[in-house]
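Below, chain A is the first sequence line, B the second, and so on; all start at residue 1. Computation of the quantities below employed the complete heavy-atom set of this structure, encompassing side-chain atoms and omitting hydrogens, waters and symmetry-equivalent molecules.
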2 protein chains.
Amino acid sequence: MTSPRPSLDATQLGAYFALIEASSLLKHAVEQQLREAGDLSYVQFQLLATLGDSPTGSQRMTDLADGVVYSRSGLTYQAQTLEKRDLVTRTQSSDDERSTTVTITDEGRAVLATVFPGHIAVLDDLLFAPLSRSDIETLADILARARDHMRRTPPRSAAPRRRRKTTQAP
Amino acid sequence: MTSPRPSLDATQLGAYFALIEASSLLKHAVEQQLREAGDLSYVQFQLLATLGDSPTGSQRMTDLADGVVYSRSGLTYQAQTLEKRDLVTRTQSSDDERSTTVTITDEGRAVLATVFPGHIAVLDDLLFAPLSRSDIETLADILARARDHMRRTPPRSAAPRRRRKTTQAP
DNA sequence: GTGATGTGCTTCGGATTCGAAGCAACTGAG
DNA sequence: CTCAGTTGCTTCGAATCCGAAGCACATCAC
């Protein structure tokens, strides 16, 4: 596992706090803009954006949930509300009866388009304004590595049994 | 991909997504650890940590809310639940009758101490593991600048910045 | 003083969130 | 084929969250 440590040093602490604070502040600001511009919550926007970004405009529920780091039940709820507003449709997959495919509608894309300019403006003003070109590149690189690492690191405890493969049986 | 006109470039988009994703993933992981180790939500931990970090162990409600980027009503709720568990106390300020001072108790500090090692372990494993010393320094620097900028940028949606200002000596 | 505002916190109502449990369809070993 | 275990999604209950409204104290003109 990990070697026990009494505490983080000042730099680590600074990075951690800055990460949490900056993302919180940004999220709040963005959320407000989205609410005003298109009556969307942040998750709803993320879902629409993810779908809009997909080549087919569709995703399975589970993949969508994993993509935006969201619980499945939470996604069910949001998919329902988006469906009520006709921003997405939900259809059964033909090859797997259990699976639901969520697809963005033209109206969904329209809302996305309405909201996007303001979204970008907020990002420019709040996140990018105080950063140089090279800062942004560096930031993207470092955070991408951290994200990728977290994505591939299994959640602590509650490990679902892997019967074989790389695991050595006790 | 993304729409051509009002879009961000790939690097900006990457930085933004990585920021949101990384912080979400980290927050989820930390939240789980805190729940298991000390039955604390992330906000509750943030509040205790903020108070514990304060020289007096106390803060005004409003300052506390601003510190952790949280709504006032939300803070009232959490302060109540923390008070029920005797992790903090709430007292009226003497100089301002309206003001409530929240103070961490010894028990609160104890919980904090219980939870801290695991918290750090998660950070080490998930956030810092894939990063070099210099990465962490750079990250801290860049994000601190972004955070400071956001902190000092108008928290209100008051004036839509893209509009022409009509504010001239009323 | 006195009223008009401003500030600090709580209450209220409604929306959102998650984990656990439930259901149905799939899969694999025998 | 058949049964046990998985997987995909939803439902359920309870916790958490926010904004708006409300209350009480403070402060500022005058």
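Phosphate contact (OP1/OP2 of dC17(D), side-chain N/O of Gln78(B), threshold under 4.0 Å): present. Here Thr62(B) does not reach the OP1 or OP2 of dT7(C): none of its side-chain N or O atoms lies under 4.0 Å away. Taking only side-chain nitrogens and oxygens, Tyr77(B) never comes nearer than 4.0 Å to OP1 or OP2 of dC17(D). Residue Gln32(B) places no side-chain N or O under 4.0 Å from the OP1 or OP2 atom of dG19(C). At dT10(D), none of the side-chain N or O atoms of Arg72(A) fall inside 4.0 Å of OP1 or OP2 (strictly under the cut-off).
Side-chain proximity of Tyr70(A) to the nucleotides dG8(C), dT10(C), dT17(C) is greatest for dT17(C). Picking from dG8(C), dT17(C), dT10(C) the nucleotide with the shortest atom distance to the side chain of Thr76(B) gives dT10(C).
Taking the C1' atoms of five terminal pairs at each end of the helix from dG1(C)-dC30(D) to dG30(C)-dC1(D), the two resulting helix axes are inclined by 30°, rounded to 10°.
To the nearest 0.5 Å, atom CD of residue Gln92(A) and atom OG1 of residue Thr100(A) are 5.5 Å apart. For the atom pair CZ (Arg133(A)) and CG (Asp9(B)), the distance works out to 4.0 Å, reported to the nearest 0.5 Å. How far OG of Ser99(A) is from CE of Met61(A): 9.5 Å, rounded to the nearest 0.5 Å.
The side-chain contact (heavy atoms from CB on, under 4.5 Å) test with Arg109(A) is passed by exactly one of Ile104(A), Thr114(A), Leu87(A), Leu48(A): Ile104(A).
Taking every heavy atom of both residues into account, Ser58(A) and Leu51(A) meet most closely at C-CD2, 3.9 Å. Taking both residues in full, the closest heavy atoms of Leu47(B) and Gln78(B) are given as CD1-CB, 3.9 Å, listed atom of the first, atom of the second, then distance.
In the model, Thr81(A) has a side-chain atom that pairs as donor or acceptor with a side-chain atom of Gln44(A) under 3.5 Å. A donor-acceptor contact closer than 3.5 angstrom is absent between the side chains of Glu137(A) and Ser134(A).
No single ILVMFWY cluster, assembled from side-chain heavy atoms under 4.5 Å apart, contains both Tyr42(B) and Tyr77(B).
With respect to the salt-bridge test (charged N to carboxylate O, under 4.0 angstrom), the residues Arg85(B) and Glu107(B) do not qualify. One finds a salt bridge joining Arg145(B) and Asp141(B) here, because a Lys/Arg side-chain nitrogen approaches an Asp/Glu carboxylate oxygen to under 4.0 Å.
Going from atom CG of Leu64(A) over to atom P of dT10(D) covers 11 Å, rounded to whole Å. The nearest whole Å value for the distance from the NZ atom in Lys27(B) to the C1' atom in dT17(C) is 12 Å. In this structure, the CG atom of Leu47(B) is 12 Å from the P atom of dT16(D), given to the nearest Å. Separating the NZ atom of Lys84(B) from the C1' atom of dT16(D) is a distance of 13 Å, rounded to the nearest angstrom. Atom-to-atom, CD of Gln59(B) to P of dC9(C) comes out at 11 Å; the value is rounded to the nearest Å. Between the CD atom of Gln46(A) and the P atom of dT16(C) there is a distance of 15 Å, given to the nearest Å. Put simply, CD on Glu31(B) is 12 Å from C1' on dC17(D), counting in whole angstrom units. Put simply, CD on Glu83(A) is 9 Å from P on dT10(D), counting in whole angstrom units.
Nucleic acid contact for Gln80(A): sugar-phosphate only, since backbone atoms but no base atoms lie under 4.0 Å from a heavy atom of the residue.
Within residues 88-103 of chain B, the residues having any heavy atom closer than 4.0 Å to DNA chain D are, in order of number, Asp96(B), Glu97(B), Arg98(B).
Taking the nucleotide of DNA chain C with the nearest heavy atom to each of Leu75(A) and Met61(B), the more 5' of the two is matched to Met61(B).
Counting only heavy atoms from C-beta outward, the side chains of Glu31(B) and Val43(B) never approach each other to under 4.5 Å.
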Which atoms of nucleotides 19-21 of chain D (N or O only) lie under 3.5 Å from a protein N or O atom, and what are those distances?
| residue | atom | partner | partner atom | Å |
| --- | --- | --- | --- | --- |
| dG19(D) | N7 | Ser73(B) | OG | 3.1 |
| dG19(D) | O6 | Ser73(B) | OG | 3.0 |

